[in-house]
A.B. asks: 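Dropping a structure here in C-alpha cells format, bear with me for questions.
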Amino acid sequence: MTEAKITLAVLISGSGRTLKNFIDLATEGELPADIRLVVSSTTNAAGLRFAEEAGIKTRVVCRGDFAAGVAGDKEFGDAIFDACREAGVDYVAMAGFMKLAPLPDDFAGRVVNIHPALIPAFCGKGMYGDRVHQAVLDAGVKVTGCTVHFVDNEYDAGPIIWQQPVPVFDDDTAESLGKRVFEVEKEAYPHVLKMLVAGRVKLEGRRVTIAKAARGERSRAGAYPDE
Ligand code: GAR
C-alpha cells in the first residue's frame, strides 16, 4: 500500500533550516510529504535556494508591497493563501515565517507553525530566533522547548498541537540554547506533520487531542509518549 503524503506549502522568511530539514527527510523517505510550494516574505531569504535546488516552485510575497494596517495585512495574507490554493495543498507549514498573514476561512485548521519556546511563554510579536532564547535566559527559567501549533490570526496564539521540553544550562548563551532547541524542533515538526497526514490530530475549540498510532504505522517508536 502506498503511504499517504501530506501536500504542503512552506512559508519562510530566513535561513530555511526548517525547510531544508523537511526536504532532506522527504528525500530520505522519512517524511511522507509532497512540498509543492515555498513562499518567502522576502527576496533575499537564504532558504529560497533549498527550494530551488530541490526543484520546488517558489513565490515571493513581500509585506511591503501592500498598504500598512489591517486591510493591507489581509491583502498580504490573501496573496499568500491564493498561491497555496493554486498549488492545491492540504496544509501550510510556517517555517521561520516572520509576518502576520491573516487566514482565509478555508485555511482554518490547515496552517501550522513552530515556535522555539514553550507557548504561551516567550512568544508574540517580535519574538523570534535568538530574541526568544535571550528572553528565556534573562528570565532565568530552567526549561524551555519548542511548540508546534495551529495558526490563527494572532502571533503564536493558536491551539497547541505538540510541545517538547529542552533544558536550559547555566553556561548557555542564546546561540547554544538555540542550537539545542533547534535539534528538538527537527524531530518535533516532522512528527506533527506525520500525525496530521495520518489523521491523528483532532482540534476541538482550543484543545488538540492526538489519537494513538495505528498498528504498523511508521513512527519513531518509543521516542514520544503517545507511541
Ligand atoms: C525556528 O527556530 C523556528 O522555531 C523559529 O524560526 C526558526 C526557523 O527558521 N520561528 C520563530 O521564531 C517564529 N516565531 P529557519 O528555518 O529559517 O532557520
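Just so you know, ligand 1 is whichever comes first in the structure, and atom 1 is the first atom listed for that ligand.
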A.B. asks: Do any N/O atoms on Gly16 end up under 3.5 angstrom from N/O atoms on ligand 1?
C.D. replies: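 So ligand 1 has an N or O lying under 3.5 Å from an N or O of Gly16.
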A.B. asks: Name the closest protein heavy atom to atom 3 (C) of ligand 1, giving the residue it belongs to and the distance to 0.1 Å.
C.D. replies: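 Atom 3 (C) of ligand 1 sits closest to the protein heavy atom Glu185 OE1, 3.3 Å.
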A.B. asks: How are the rings of Phe97 and Phe76 set to each other: parallel, tilted or perpendicular (split at 30° and 60°)?
C.D. replies: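 The arrangement is parallel - the two ring planes meet at less than 30°.
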A.B. asks: Can Asp34 and Thr7 be counted as having a side-chain donor-acceptor contact under 3.5 angstrom?
C.D. replies: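 No, because no side-chain N or O of Asp34 sits under 3.5 Å from a partner of the opposite role on Thr7.
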A.B. asks: Just jot down the ligand 1 atoms closer than 4.0 angstrom to any heavy atom of Gly129, in number order.
C.D. replies: 12 (O)
A.B. asks: Whether the Ser13 and Thr42 side chains hold a donor-acceptor pair (N or O, under 3.5 Å, no angle test) is what I'd like checked.
C.D. replies: no
A.B. asks: Do Pro32 and Lys194 touch side chain to side chain, with heavy atoms closer than 4.5 Å?
C.D. replies: yes
A.B. asks: Any idea which heavy atoms bring Ala174 and His133 closest together, and the distance?
C.D. replies: O-CB, 3.7 Å
A.B. asks: Does the residue Ile114 have a heavy-atom contact with ligand 1, meaning some pair of atoms that are separated by less than 4.0 Å?
C.D. replies: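 Distance cut 4.0 Å: Ile114 passes for ligand 1.
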A.B. asks: Does an N or O from Met127, backbone or side chain, lie closer than 3.5 Å to an N or O of ligand 1?
C.D. replies: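 Yes.
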A.B. asks: Of the choices Pro116, Gly47, Ala117, which has the non-hydrogen atom that lies closest to atom 11 (C) of ligand 1?
C.D. replies: Pro116
A.B. asks: Checking Asp73 against Arg63 for the salt bridge (Lys or Arg N to Asp or Glu O under 4.0 Å) test, could you report, in this order, the C-alpha distance in whole Å, the side-chain angles of both residues, the deciding distance, and whether it holds?
C.D. replies: CA-CA 8 Å; Asp73 280 345; Arg63 178 65 187 84; 2.9 Å; yes
A.B. asks: For atom 14 (N) of ligand 1, find the nearest protein heavy atom and state the residue, atom name and distance (0.1 Å precision).
C.D. replies: His115 ND1, 3.1 Å
A.B. asks: Would you mind checking which non-hydrogen protein atom is closest to atom 15 (P) of ligand 1, with the distance to 0.1 Å?
C.D. replies: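 Result for atom 15 (P) of ligand 1: Ser15 OG, 3.5 Å.
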A.B. asks: For atom 7 (C) of ligand 1, which protein heavy atom lies nearest, and how many Å away is it?
C.D. replies: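 Closest protein heavy atom to atom 7 (C) of ligand 1: Arg17 NH2, 3.8 Å.
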A.B. asks: Suppose we measure from atom 8 (C) of ligand 1 to each protein heavy atom; which comes out shortest, and what is that distance?
C.D. replies: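 Nearest protein contact, heavy atoms only, for atom 8 (C) of ligand 1 is Thr18 OG1, 3.4 Å.
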A.B. asks: Using a 4.5 Å cut-off on heavy atoms from C-beta on, say whether the side chain of Phe122 contacts that of Arg131.
C.D. replies: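 Contact flag for Arg131/Phe122 side chains = no.
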A.B. asks: So which protein heavy atom does atom 9 (O) of ligand 1 come closest to, and at what separation?
C.D. replies: Gly96 CA, 3.4 Å
A.B. asks: Which of the numbered atoms in ligand 1 are below 4.0 angstrom from a heavy atom of Gly14?
C.D. replies: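 Checking each atom against Gly14, I get 17 (O).
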A.B. asks: Identify whether the distance between the nearest side-chain nitrogen and carboxylate oxygen of Glu86 and Arg36 falls below 4.0 Å.
C.D. replies: no
